[in-house]
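Written below as structure tokens is the structure these notes are about.
Naming: A, B, ... by sequence-line order, numbering from 1 per chain.
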Amino acid sequence: MPTYWNEDQQMLADSARPFLADKAPVSHLRALRDEGNADGFSRDLWREFADMGFTGLLVGEEDGGLGLGHVEAGVVLEEIGRNLSPSPFLTTSIGAVTALKSGSPAARQAWLPGIVAGETVAALALEEGARHRPHRVATKAQRSGNGFRIDGAKSFAVQAQASDLLIVSARTAGGEREADGITLFAIPRSAPGVTLQSEMLVDGGHAARVLLEGVEVDGDAVLGEVDRGSDTLGHVLSALRAGSSAELVGLAEGASGMTLSYLRTRKQFDRIIGSFQALQHRAAQLYCEIEVARAATLKAQQLLDDGSEGAHEAASVAKAMTGMASALAVQEAIQMHGGIGMTDEHDIGFFMKRQRVLAEMFGDADFHAEALARAAGY
Amino acid sequence: MPTYWNEDQQMLADSARPFLADKAPVSHLRALRDEGNADGFSRDLWREFADMGFTGLLVGEEDGGLGLGHVEAGVVLEEIGRNLSPSPFLTTSIGAVTALKSGSPAARQAWLPGIVAGETVAALALEEGARHRPHRVATKAQRSGNGFRIDGAKSFAVQAQASDLLIVSARTAGGEREADGITLFAIPRSAPGVTLQSEMLVDGGHAARVLLEGVEVDGDAVLGEVDRGSDTLGHVLSALRAGSSAELVGLAEGASGMTLSYLRTRKQFDRIIGSFQALQHRAAQLYCEIEVARAATLKAQQLLDDGSEGAHEAASVAKAMTGMASALAVQEAIQMHGGIGMTDEHDIGFFMKRQRVLAEMFGDADFHAEALARAAGY
Amino acid sequence: MADDLAAFRAETRAWLESNCPPEMRTPPRSDADVCWGGRKFQPSSPAQAEWLRAMGERGWTVPDWPAEYGGGGLTAAEAKVLREEMAALACRNPLQSFGISMLGPALLKYGTEEQKHEHLPRIARGEIRWCQGYSEPNAGSDLASLATRAEDMGDHFIVNGQKVWTSYADKADMIFCLVRTDTSSKQGGISFLLFDMEQEGVSTKPIRLISGYSPFCETFFDDVKVPKSNVVGEINKGWDVAKYLLGHEREMISGMGSRGGGASVPDTALHHLGRDEDGRLDDPVLRARIALFEVRSRAFAAMAERFIDTLKAGKAHAAQPSMMKYFGTELNKQRHELLMAAGGHDALEWDSEGSNGGAAPRAWLRTRANSIEGGTSEIQLNIIAKRILDLPGG
Amino acid sequence: MADDLAAFRAETRAWLESNCPPEMRTPPRSDADVCWGGRKFQPSSPAQAEWLRAMGERGWTVPDWPAEYGGGGLTAAEAKVLREEMAALACRNPLQSFGISMLGPALLKYGTEEQKHEHLPRIARGEIRWCQGYSEPNAGSDLASLATRAEDMGDHFIVNGQKVWTSYADKADMIFCLVRTDTSSKQGGISFLLFDMEQEGVSTKPIRLISGYSPFCETFFDDVKVPKSNVVGEINKGWDVAKYLLGHEREMISGMGSRGGGASVPDTALHHLGRDEDGRLDDPVLRARIALFEVRSRAFAAMAERFIDTLKAGKAHAAQPSMMKYFGTELNKQRHELLMAAGGHDALEWDSEGSNGGAAPRAWLRTRANSIEGGTSEIQLNIIAKRILDLPGG
């Protein structure tokens with residue numbers, strides 16, 4: 001498969017780009033933040049995502065979706081990243097949909113139509129500590145009746161407050177740091193015993209601590225196999241890592257595009273500052289970083305769509321590389337904008353804030369470099 | 001104590017600088033290499049070091065030396081670094097002399113006069129693996145008569161082939177990776193059972209693998225206390241780390257000075273290349289790195305001379321920081337010189353080669369960052 | 001002389017032990033807990049007020065200024081002993097002040113006797129809080145193109161114009177300010193004025209930053225009257241004063257690279273991430289990045305000490321503050337990038353109680369300005385290249 | 001069409017399995033074990049000669065060149081399949097050649113039919129080894145100031161002058177060379193000539209590098225006679241050919257960032273340093289630096305694949321080779337810095353048997369030239385800034 005977009009994918013980009021630039025530019029995020037919107041995103045926009053077909057992009061045609069792949073999801077995510085458009089797309093249409101693909105017919109029937117319609121929002125409750133460590137699961141799920149009883153606490157569940165569905169990892173066997181013995185569950189946000197404590201994040205989004213106290217679910221809530229949830233979790237995380245990588249590529253491009261425009265017009269000491277060679281070289285280095293990150297991301301998406309074994313590692317490479325490239329992008333953007341870039345009034349600061357959240361989610365460069373080293377046996 | 005040279009130290013620098021620039025500039029190193037000199041240094045120069053008082057700089061006045069400290073040793077080493085002057089100064093006058101300070105009167109009497117006179121050369125046989133790990137000692141010293149019998153193999157003993165005296169770490173107790181149970185010995189190079197296998201290094205110096213087979217020494221050969229050699233070893237290594245840091249500061253300055261001269265005169269595209277802003281910024285960044293490395297080095301020397309507890313960590317900071325700063329210095333030097341810098345005919349390549357050896361000796365930045373992290377308890 | 005110093009050290013230690021309140025031997029809990037003095041000063045605790053009074057009375061807020069101007073009159077060696085002993089007892093800096101770090105040195109060099117006697121003692125005692133009026137809209141790092149005009153009315157000037165990035169202008173009592181008194185030359189026509197912020201015609205408007213804080217203001221001058229006796233240095237030669245002062249500003253900002261009162265990066269990481277089975281920080285790659293950072297941080301602490309020593313001894317290159325400013329602020333940015341990684345998800349919280357009101361991300365965002373304010377990193381590198389390394393102009 | 005490709009893949013795999021000798025399915029043991037072809041070619045093994053013959057006969061040394069010029073005539077998709085299958089079987093590149101990577105593409109675009117038929121098949125079969133005569137003393141990266149003159153003698157030129165940094169000139173059969181045919185304009189008066197290195201008036205002198213190797217020569221022309229039919233493109237318009245070709249050179253050098261045949265950094269480190277009690281590489285900070293490097297290296301491998309794909313599809317920006325050259329060579333330098341750290345003391349040995357003749361330090365030193373030869377990193381960054389990012393000239 002050639003490692004560039006085919007015509008259909010290019011057409012999707014051609015429709016996603018004006019849609020997001022028009023409906024959800026940075027001013028949209030700013031307005032939500034300034035009005036103190038408790039969801040952190042617009043439900044109207046989410047329904048418009050549905051009208052565009054984005055919500056069900058990864059959902060199979062048999063379940064009412066478009067049946068497209070991770071490359072296409074990445075096309076949309078890149079535009080989301082470029083515009084910092086807040087939406088549940090990544091968590092719901094990538095994360096939850098990938099998880100639900102391993103679910104029972106009942107679970108799919110229960111949740112997918114609402115997601116496709118832009119009515120249902122899902123959140124991921126997969127973390128318990130201060131950094132991404134998806135296999136450290138202390139939350140317990142014990143057999144109870146013909147289902148399970150779940151007790152524990154999950155942290156950093158982004159957009160959980162606004163959600164209808166929680167994808168929860170819990171331990172059905174094994175010790176706290178073992179990959180084996182994890183099971184994934186689809187739990188209604190409204191289930192008795194679920195309580196949330198939501199906090200605003202640096203980027204204007206919201207994340208919750210999720211308390212699970214005697215939450216009862218039946219067997220249909222299990223996604224994938226009992227005790228073998230780390231397989232399903234692996235697929236969900238690789239999809240999310242490739243997806244957040246695409247969003248970070250778009251974000252990095254958005255920040256660097258804004259910076260390049262500034263460099264081409266701003267004058268200091270009677271010269272266009274973009275003509276200073278030191279800035280030119282840094283801008284060129286940043287360009288290279290972003291291009292390499294983009295290539296790594298597309299590779300991961302293609303391998304995921306192929307169902308290739310190498311997809312998990314490729315997703316780690318992509319997430320680590322985009323994390324580093326986008327960090328450089330926002331740092332250089334702020335520095336090159338000078339004082340104006342430090343003001344809340346200017347949009348560029350939003351890029352730095354969003355980058356930090358996205359880079360941390362699903363593992364940063366430190367996490368993935370370590371994971372790849374372990375996988376390579378050193 | 002103010003953290004700059006006092007008048008006496010400045011005077012020492014004023015005499016060391018022309019002496020080394022005159023007697024042992026880079027052309028001296030080149031000549032030794034081209035003639036295939038097996039020692040890798042000039043014995044005549046070593047005797048001239050003695051005439052200058054350098055050889056016995058750290059030796060107490062009661063033992064015929066100048067009784068000066070590590071700051072003064074650093075003054076000389078900086079000029080050695082700037083000129084890439086090959087000599088046994090670091091190993092003999094810093095390493096061996098510091099070790100012999102913990103030796104018996106007999107050991108001091110046996111070796112110090114020759115060192116002060118520039119007749120005796122000492123080598124350090126403290127390594128066994130591919131990187132600096134001074135506490136991994138498998139070489140065994142077993143009680144035998146009123147002395148010890150030593151068996152084992154040491155690696156990377158610089159200038160051992162040309163030496164009269166070997167400072168050897170051996171295990172008198174404990175397991176292979178324990179700090180306790182190490183003892184240091186002063187062993188004549190000519191002792192029965194000592195054999196060497198010497199190889200040329202990238203910088204034109206020589207290092208040997210030292211085989212010790214049933215080498216018999218008496219109790220006077222012990223430096224410091226039996227089983228407590230890691231104390232003595234700690235002092236020797238801190239002295240060597242501060243010393244090699246000073247040499248690296250001089251080396252970095254030598255390389256960057258040569259590069260700045262080139263930048264100020266070389267033209268390309270009809271412009272002095274030193275006027276290109278991208279190169280100016282990189283040169284300025286390098287300047288900062290070297291200045292910070294210099295400050296860290298002086299701090300370590302002063303703490304060593306004070307006998308302060310913090311000296312060991314300060315020496316680690318200095319060695320790590322000078323390792324990184326000098327690496328940048330030689331890399332930028334080669335790159336900014338362009339093609340001419342890649343030719344053997346030009347001197348700048350010698351700086352890159354020597355830097356690599358010095359940075360590796362007594363632990364590089366990786367080693368010392370790790371050591372400091374462990375010491376800080378994380 | 002070594003004996004004298006030892007005696008001075010003992011006395012100093014004894015005085016600090018009996019005069020520094022225990023509450024002032026802990027790091028400030030937040031920015032609001034730092035003492036800036038001034039007419040509007042509201043002590044965060046009685047101890048804070050007492051500590052300022054005791055130190056100010058002795059002139060030890062400015063230990064090396066002459067005693068006749070309210071300083072401590074200490075030698076360089078004595079001042080170093082005082083710093084060391086304060087560090088040993090973890091005494092807080094009694095007074096953070098642009099008067100001390102910027103205006104004071106400029107007045108000592110360029111001020112008239114009247115100006116020195118009027119302003120320096122009040123700076124030393126923290127009675128007047130100063131702000132700096134250099135930058136203007138559209139001027140950025142390019143100070144020479146400044147446009148605020150001061151019209152010569154005989155015995156006074158009438159000032160009109162606008163400043164920007166005026167640090168804490170809304171909290172300051174007085175301003176030292178660059179104004180254009182001659183439009184015929186760029187750097188030659190600038191004068192250095194002092195005036196009161198409470199008088200008519202002066203207004204300020206805080207600028208909200210990405211951190212959510214507003215340490216800077218826009219400041220507007222509308223027919224502000226300033227007597228000519230308030231010019232520091234010669235009329236039209238304010239640029240010399242400004243440059244001298246900039247060096248001292250950079251010196252101050254460069255101090256940010258040293259850890260100051262904040263939590264250490266390793267401790268923060270251990271707190272959030274814990275240890276692995278071997279007792280090491282449970283994130284191996286981050287741990288290595290922190291370890292390499294700590295090397296640089298500790299080396300820079302040695303540099304900061306050396307810089308002060310050489311400066312006080314008159315041995316520092318005139319452009320050395322640029323080097324300190326560049327390295328210190330870049331290091332501080334790296335420090336906060338690592339603190340954010342060390343804090344992980346926790347450090348992303350913006351407003352919550354558990355996050356102390358989002359202290360970590362706000363401090364992180366604040367540091368990004370360090371390499372912009374007071375002359376960008378790029379300006380500092382230009383200065384080093386030209387003035388220290390003697391590289392030719394473009 | 002997918003079916004056709006699958007069939008082609010199966011055939012290719014089968015052919016490679018029966019035609020690629022087992023010895024050619026291991027990485028070259030050293031530089032001397034790489035096949036460059038040419039009149040003076042001394043195969044390091046019968047297998048090497050056989051592999052070149054088999055691939056050359058099929059045109060698969062240059063799979064996407066037209067069959068009529070000795071190429072494989074494959075489509076872009078087929079050529080990719082061939083690359084993938086060769087990688088899967090670990091087949092060596094049968095022929096390393098400046099004729100393939102540089103001159104060939106230029107001849108295909110600018111050559112006459114006669115030139116194509118004369119040179120391309122012999123390049124494909126490895127019969128003629130080419131070298132490149134671009135750089136001159138005192139010209140460095142500034143090719144436009146070149147001084148080698150070609151005097152017009154009617155049906156031929158007489159060439160006089162000197163080249164430098166001529167890669168393997170002492171081993172080459174022929175040279176493609178830039179010469180000045182008109183002194184009135186800088187870039188406009190340059191022509192692109194082909195001629196034989198064995199003829200009278202051509203001499204070469206290897207340049208010893210810091211690695212101890214001499215891959216480059218000084219090359220001297222003393223009244224060398226070159227027929228006018230050996231001009232590629234138009235007379236005085238050689239600059240266009242040269243620029244086109246430089247892009248392909250950068251493409252080739254950028255490939256150095258990918259690992260190629262060498263040992264991996266983690267494996268080298270494990271070999272020299274071993275594992276700690278937890279089975280991790282026994283040097284935690286180095287391990288982390290390697291892990292972060294491996295991310296970049298693997299990401300760049302994806303970039304290299306994408307670059308080739310977009311290039312073959314005509315979708316790559318004309319200045320994209322500059323990006324590949326810059327990133328690839330910088331990455332390769334980092335790789336060798338890490339290999340040196342991984343090798344520790346062992347990697348410092350220069351001439352010993354155990355160190356394979358100092359292979360590690362020599363390779364390390366050799367890589368430092370990667371970011372200088374073929375246009376420095378600084379030149380590539382200038383090109384990216386101006387031609388891709390559209391930033392204004394100084």
Side-chain angles (χ1 to χ4, degrees), chain B residues 1-5 245 256-257 259-261 263-265 271-277 279-300 302-303 310 313-314 316-325 365-366 368-374 376-378, chain C residues 76-77 80 257 264-267 269-270 273 275 279-282 287-310 312-313 315-317 320 322-324 326-328 330-331 377-378 380-386 388-394:
Chain B
M1 194 182 329
T3 50
Y4 48 81
W5 288 343
S245 294
S256 81
T259 306
L260 287 166
S261 301
L263 291 180
R264 288 189 204 105
T265 51
R271 278 177 62 182
I272 297 281
I273 61 174
S275 72
F276 287 108
Q277 195 199 29
L279 298 188
Q280 289 194 347
H281 280 198
R282 283 159 52 187
Q285 285 164 331
L286 174 58
Y287 166 80
C288 296
E289 297 286 324
I290 297 174
E291 283 299 293
V292 172
R294 172 194 302 286
T297 301
L298 183 61
K299 189 76 196 168
Q302 289 187 342
L303 291 175
E313 289 194 16
S316 278
V317 170
K319 186 60 173 43
M321 187 69 207
T322 55
M324 293 189 286
D366 296 335
H368 289 293
E370 173 68 21
L372 290 164
R374 280 178 188 264
Y378 67 97
Chain C
K80 185 167 188 175
S264 85
V265 182
D267 287 350
L270 284 173
L273 307 175
R275 297 177 189 274
R280 293 189 285 197
L281 175 67
D282 195 6
R287 174 178 178 274
R289 293 200 300 128
I290 291 173
L292 288 167
F293 168 81
E294 288 288 296
V295 166
R296 296 176 68 77
S297 177
R298 292 173 74 159
F300 185 67
M303 180 71 223
E305 182 183 352
R306 176 171 160 85
F307 171 62
I308 300 291
D309 288 349
T310 52
K312 303 283 180 197
K315 290 169 179 284
H317 189 287
Q320 197 75 350
S322 288
M323 177 258 163
M324 292 300 294
Y326 168 73
F327 202 97
E330 293 297 328
L331 196 66
S377 280
E378 291 76 15
Q380 309 311 330
L381 292 173
N382 287 343
I383 291 171
I384 295 165
K386 302 220 163 67
I388 301 183
L389 304 182
D390 197 24
L391 290 171

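There is no contact between B:Arg282 and chain C, counting heavy-atom distances below 4.5 Å. At a 4.5 Å heavy-atom cutoff, the contact between C:Glu294 and chain B is made by side-chain atoms alone. In this structure, chain C has heavy atoms under 4.5 Å from both the backbone and the side chain of B:Glu291. If you measure heavy-atom distances from B:Tyr4 to chain C, the contacts under 4.5 Å come from both the backbone and the side chain. Looking at C:Ile290, the atoms closer than 4.5 Å to chain B (heavy atoms on both sides) sit in the backbone and in the side chain alike. For C:Leu292, the parts lying under 4.5 angstrom from a heavy atom of chain B are both the backbone and the side chain. Looking at C:Arg275, the atoms closer than 4.5 Å to chain B (heavy atoms on both sides) all sit in the side chain, from C-beta outward. Contact of C:Asp282 with chain B is not made at all, since no heavy-atom distance falls under 4.5 Å. Within the 4.5 angstrom heavy-atom criterion, only side-chain atoms of B:Leu298, from C-beta onward, approach chain C. Heavy atoms closer than 4.5 Å to chain B are found nowhere in C:Asp267, neither backbone nor side chain. Heavy atoms closer than 4.5 Å to chain C are found in the side chain of B:Met324, but not in its backbone.
B:Ile272 and B:Leu263 get closest at one heavy-atom pair: CG2-O, 3.1 Å. Contact between B:Gln302 and B:Thr3 at its shortest, heavy atoms only, is OE1-CG2, 3.6 Å. Nearest heavy-atom pair, B:Cys288 versus C:Ile384, reported as atom, atom and distance to 0.1 Å: SG-CD1, 3.8 Å. Minimum heavy-atom separation, C:Ser297 to C:Leu331: CA-CD2, 3.9 Å.
No hydrogens or angles considered: a donor-acceptor pair under 3.5 Å links the side chains of C:Glu330 and C:Ser377.
The pair B:Arg374-B:Glu370 meets the salt-bridge criterion, with a side-chain N (NZ, NE, NH1 or NH2) lying under 4.0 Å from an Asp/Glu carboxylate O.
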Apply the test side-chain contact (heavy atoms from CB on, under 4.5 Å) to residues C:Thr310 and C:Arg306: give CA-CA distance (whole Å), side-chain angles for both, the deciding distance (0.1 Å), then the verdict.
CA-CA 6 Å; C:Thr310 52; C:Arg306 176 171 160 85; 4.3 Å; yes

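Ranked by heavy-atom pairs under 4.5 Å with chain C, the first of B:Ala373, B:Ala325, B:Ala296, B:Ala369 is B:Ala369. When B:Ala376, B:Ala295, B:Ala293 are compared by the number of non-hydrogen pairs under 4.5 Å with chain C, B:Ala295 comes out ahead. For chain B, the option among C:Leu281, C:Leu270, C:Asn382, C:Asp309 with the highest count of heavy-atom pairs below 4.5 Å is C:Asp309.
Geometrically, B:Arg271 engages B:Phe276 in a cation-pi contact, judged by NZ or CZ lying under 6.0 Å from the ring centre and within 45° of the ring axis.
Using a distance-only test at 3.5 Å, with no hydrogens or angles considered, no donor-acceptor pair links the side chain of C:Ser322 to the main chain of C:Gln380.
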